[in-house]
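Quick caveat, the model's predicted, so the values are computed rather than measured. Residue numbering restarts at 1 for every chain, and letters A, B, ... go by the order of the sequence lines.
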Amino acid sequence: MKNIQSIKGTKDTLPSEIHKWQFLEDTFRRVSTKYGYTELRTPIFEDSALFHRGIGEGTDIVNKEMYTFIDKGGDSVTLRPEQTAALIRSVVQNNLLQLGTTSKFWYFGPYFRYERPQKGRLRQFHQYGAECIASPFPESDVEVILLANSIIREIGIEDYKLNINSLGSENSRNNYRDALKSYLIENQDGLSEDSKRRLDINPLRILDSKDEKDKLIIANAPNIIDYLDEESKNHFDTVINLLSQLNVNFTIEPKLVRGLDYYNHTVFEFQSNALGSQDSFGGGGRYNGLIEQLGGKPNPAVGFAFGVERLIIILDSLNKLSELESKPDFYISSTSEKYLDKVYFVSEVLRKRNFNVQNDLVRKSVKGQMREANKLGAKYAVIIGDDEIAKGTIILKNMTESTQVELAFDDIEKHQF
RNA sequence: GCGUCCAUAGUUCAGCCGGUAGAGCAUCAGAUUGUGGCUCUGAAAGUCACGGGUUCGAAUCCCGUUGGACGCCCCA
């Protein structure tokens, strides 16, 4: 008989790991708030058409990675593979955009992509991200990058790289794609099989290829920066000038393209060498056309997302987050189950005074209870036995100093520990 | 979707050329009977991932399935 186990590519977050998640989630909320972003949560699943329209038919996410089901009503629904499209859907549907100002949101949650698991890649994974909607100006690109950077620093990651590039307006992006494509077609004999296939589907992606043969050809490929039109160039220049003035470290990486169809103008990516093959732990960019594409009024926007599992891999490699053990303040023990009422009375009194209190639930001997108190790291053990009951007292044992005193039962409510 | 390696007690692993399982740590219990940490003694714990095959006999060989690790594709 087959044992039931968790679905391939999914993971339990165990008590020994949970402190990392709680720390990250706290940081996400705190730092996002400092930048004036508010949290928005959308359902885990959506109309499949949302992602087809929003992410793009040419992407692998839509083509082979979506968890899509037909529900009992015959509708096609999909577990969200990313947040941006769904967030925009919500913003449009709920009329959250105010005329003449930006709307800024952050999110955190699980996402789903049907892929072969490997380092830093799961079928259910988590992202934190932020979206700044309704400013076409480069300073909003910068703000979003500052927010991302600030989160990275606050969680304690210092060794990483920020790569940045511009795809330009739709127009200049198309011009560049044509130029690149004809260059690659001229040289296609030297390209890898994968890249030959990519020529038609998404030639920009060839720039990212890890294949050595491809790299040789790519080295002499046309540079996207040369194809930016005037406005795109100004936008990009302002972004990088501002970042420089603010002492943000970055590298202009003309070969950086992002996989999602909706990006234009600024794109960026955060890299760490703690990650193995999937070395990017976050990425984002501007998507000026998406909102209109999803049925809203035309509105520019820029955003980014982090892969939270990847952040945790980096933090683990730094050994930064040791477990914050929640040790009990008290362990209340007794010599007999006759005194259970006293044990729980004392426990509840102490809990009302805001102490963490634990008890023996398997009726161990006093020695066993003391062992457990020690193992749990309790500061104090309380012992209630025949003698104490007779005298109306308890024994208060200080576990770190190995000293003990006798306390009147009534003192528990007011004794200064 | 493709490739390589892997799957034995709670855990980390040993078990080489086939003869029905072992260690460290962890757990639990004792060490002149109401008290922890050290030490000592003992105990419990595995249908050797699942299914099939070869064999007198398989954890050990073969096939399949499931899952894991890493890589390709792609992405966070």
*asked:* Heavy atoms within less than 4.0 Å of RNA chain B: which residues of residues 179-200 of chain A have one? Give them sorted by number.
replied: A:D194, A:R197, A:R198

*Of the candidate nucleotides B:A76, B:G36, B:C73, which contains the atom at the shortest distance from the side chain of A:F125?*
B:A76

*asked:* Taking atom types as they are modelled, would you say the side chain of A:K64 forms a donor-acceptor pair with the base of B:C73 within the 3.5 Å cutoff?
replied: yes

_Centroid-centroid under 6.0 Å between A:F417 and A:F330 rings_ = yes

*Has A:I70 got more than 12 heavy atoms of other residues, nucleotides or ligands less than 6.0 Å from its CD1?*
yes

*Expressed in whole Å, how much space separates the P atoms belonging to B:C74 and B:C62?*
35 Å

*Start at the 5' end of RNA chain B and walk down; is the nucleotide closest to A:K119 or to A:Y263 reached first?*
A:K119

*asked:* Should the side chain of A:Q271 and the base of B:A76 be counted as holding a donor-acceptor pair, with the cut-off at 3.5 Å?
replied: no

_If I pick the P atom on B:C48 and the same atom on B:G52, what distance separates them, to the nearest angstrom?_
13 Å

*Does any N or O in the side chain of A:S232 come within less than 3.5 Å of the main-chain N or O of A:S169, such that one atom is a donor and the other an acceptor?*
yes

_Results of side-chain contact (heavy atoms from CB on, under 4.5 Å) for A:I312 - residues two or more places apart only_ = A:K20, A:W21, A:L24, A:V308, A:D316

*Is the CD atom of A:Q93 crowded by more than 12 outside heavy atoms at less than 6.0 Å?*
yes

*Confirm from the modelled atom types if A:R116 and B:G68 form a donor-acceptor pair under 3.5 Å, side chain to base only.*
no

*Residues from residues 278-289 of chain A sitting under 4.0 Å of RNA chain B, heavy atoms only?*
A:Q278, A:S280, A:F281, A:G282, A:G283

*Indicate, with a heavy-atom threshold strictly under 4.0 Å, whether A:K364 touches base, sugar-phosphate, or nothing.*
sugar-phosphate

*Have a look at A:K367 and say if it touches a base, only the backbone sugar-phosphate, or nothing, with a 4.0 Å heavy-atom cut-off.*
base

*What pairs with A:T33 under side-chain contact (heavy atoms from CB on, under 4.5 Å), at least two apart in sequence or on another chain?*
A:R29

*Scan residues 402-411 of chain A against RNA chain B and write down, sorted by residue number, each residue with any heavy atom closer than 4.0 Å; if none is found, say none.*
A:S402, A:Q404

*Report the distance from atom CD1 of A:I152 to atom P of B:A76, rounded to the nearest whole Å.*
14 Å

*Expressed as a whole number of Å, how far does the P atom of B:A26 sit from that of B:U11?*
16 Å

*Are the side chains of A:V144 and A:Y37 in touch, meaning some heavy atoms are under 4.5 Å apart?*
yes

*Under the salt bridge (charged side-chain N to carboxylate O under 4.0 Å, His left out) test, residues paired with A:D208 that sit two or more places apart*: A:R205

*Separation of atom CD in A:E115 from atom P in B:C70, rounded to whole Å*: 14 Å

*Crowded around A:K11 NZ? As in, over 12 foreign heavy atoms under 6.0 Å?*
no

_Base, sugar-phosphate or nothing for A:P117? Non-hydrogen atoms, less than 4.0 Å._
base

*asked:* Taking any heavy-atom pair under 4.0 Å as a contact, classify A:G276: base, sugar-phosphate, or nothing.
replied: sugar-phosphate

*What residues, two or more places apart in sequence or in another chain, satisfy side-chain contact (heavy atoms from CB on, under 4.5 Å) together with A:N356?*
A:D329

*Centroid separation A:F270 to A:F306 less than 6.0 Å*: yes

*Expressed in whole Å, how much space separates the P atoms belonging to B:G53 and B:A59?*
14 Å

*asked:* Applying salt bridge (charged side-chain N to carboxylate O under 4.0 Å, His left out), can you list everything that pairs with A:R258, at least two apart in sequence or on another chain?
replied: A:E269

*What nucleic acid atoms does A:E372 come within less than 4.0 Å of, heavy atoms only: base, sugar-phosphate, or nothing?*
nothing

*Provide the distance between the two P atoms, one in B:C61 and one in B:C6, to the nearest whole Å.*
10 Å

*asked:* Could you report the tightest heavy-atom contact between A:K255 and A:N165, atom names first, then the distance?
replied: N-ND2, 4.4 Å

*asked:* Between B:G51 and B:A14, how many Å separate the two C1' atoms, rounded to a whole number?
replied: 27 Å

*Could you tell me whether the phosphate oxygens of B:C73, OP1 or OP2, come under 4.0 Å of any side-chain nitrogen or oxygen in A:K210?*
yes

*asked:* Tell me whether A:E39 at atom CD has more than 12 heavy atoms from other residues, nucleotides or ligands lying less than 6.0 Å away.
replied: yes

*Between the side chains of A:N171 and A:R173, does any donor sit under 3.5 Å from an acceptor?*
no

*Based on Watson-Crick and G-U pairs with both distances under 3.5 Å, what dot-bracket line describes RNA chain B 5' to 3', crossing pairs as [ ] and inter-strand pairs as |?*
(((((((..((((........)))).(((((.......))))).....(((((.......))))))))))))....

*asked:* Applying a 4.0 Å non-hydrogen cut-off, can you work out what A:N374 is touching in the nucleic acid: base, sugar-phosphate, or nothing?
replied: base

*Would you please say whether a donor-acceptor pair under 3.5 Å links the side chains of A:Q271 and A:N163?*
yes

*Rounded distance in Å - CD1 (A:I7) to P (B:U65)*: 18 Å

*Taking the six-membered ring for Trp, is the centroid-to-centroid distance between A:Y331 and A:Y380 below 6.0 Å?*
no

*By a strict heavy-atom criterion of less than 4.0 Å, which residues belonging to residues 337-348 of chain A are in contact with RNA chain B?*
none

*asked:* Please pick, from B:A29, B:G67, B:C70, the nucleotide with the shortest atom-to-atom distance to any side-chain atom of A:Q118.
replied: B:C70

_Note: A:E154-A:K34 ion pair, threshold 4.0 Å (strictly below)_ = yes

*How about A:F108 and A:Y128: are their ring centres within less than 6.0 Å of each other?*
no

*Tell me which of A:R205 and A:G368 sits closer to the 5' end of RNA chain B, going by the nucleotide each one is nearest to.*
A:G368

_Interatomic distance, A:K11 NZ vs B:A69 P [rounded to whole Å]_ = 6 Å

_Under 5.5 Å centre to centre and under 30° between planes: does that hold for A:F306 and the six-membered base ring of B:A76?_
no

*To the nearest Å, how far apart are A:I61 CD1 and B:C74 C1'?*
8 Å

*For A:R258, report the nucleic acid contact type (base, sugar-phosphate, nothing); a contact means any heavy atom under 4.0 Å.*
sugar-phosphate

*asked:* According to side-chain contact (heavy atoms from CB on, under 4.5 Å), who are the partners of A:S103, at least two apart in sequence or on a separate chain?
replied: A:L97, A:F105

*For A:K375, answer base if it contacts any base atom (sugar-phosphate contacts may also be present), sugar-phosphate if it contacts only those atoms, and nothing otherwise; contact means non-hydrogen atoms under 4.0 Å.*
sugar-phosphate

*Has the side chain of A:Q83 got a donor or acceptor atom that lies under 3.5 Å from a matching backbone atom of A:Y107?*
no

*Pairwise C1' distance for B:G67 and B:U8, with rounding to whole Å*: 16 Å

*Take atom P in B:U47 and the same atom in B:G42, then report the distance between them in whole Å.*
25 Å

*Just checking, any donor-acceptor pair under 3.5 angstrom between side chains of A:S347 and A:N359?*
yes

_Side chain of A:R121 (C-beta onward), nearest among B:U35, B:C74, B:G71_ = B:C74

*Counting only non-hydrogen atoms, which of residues 383-400 of chain A are less than 4.0 Å from RNA chain B?*
A:I383, A:G385, A:D386, A:D387, A:E388, A:I395, A:K397, A:M399

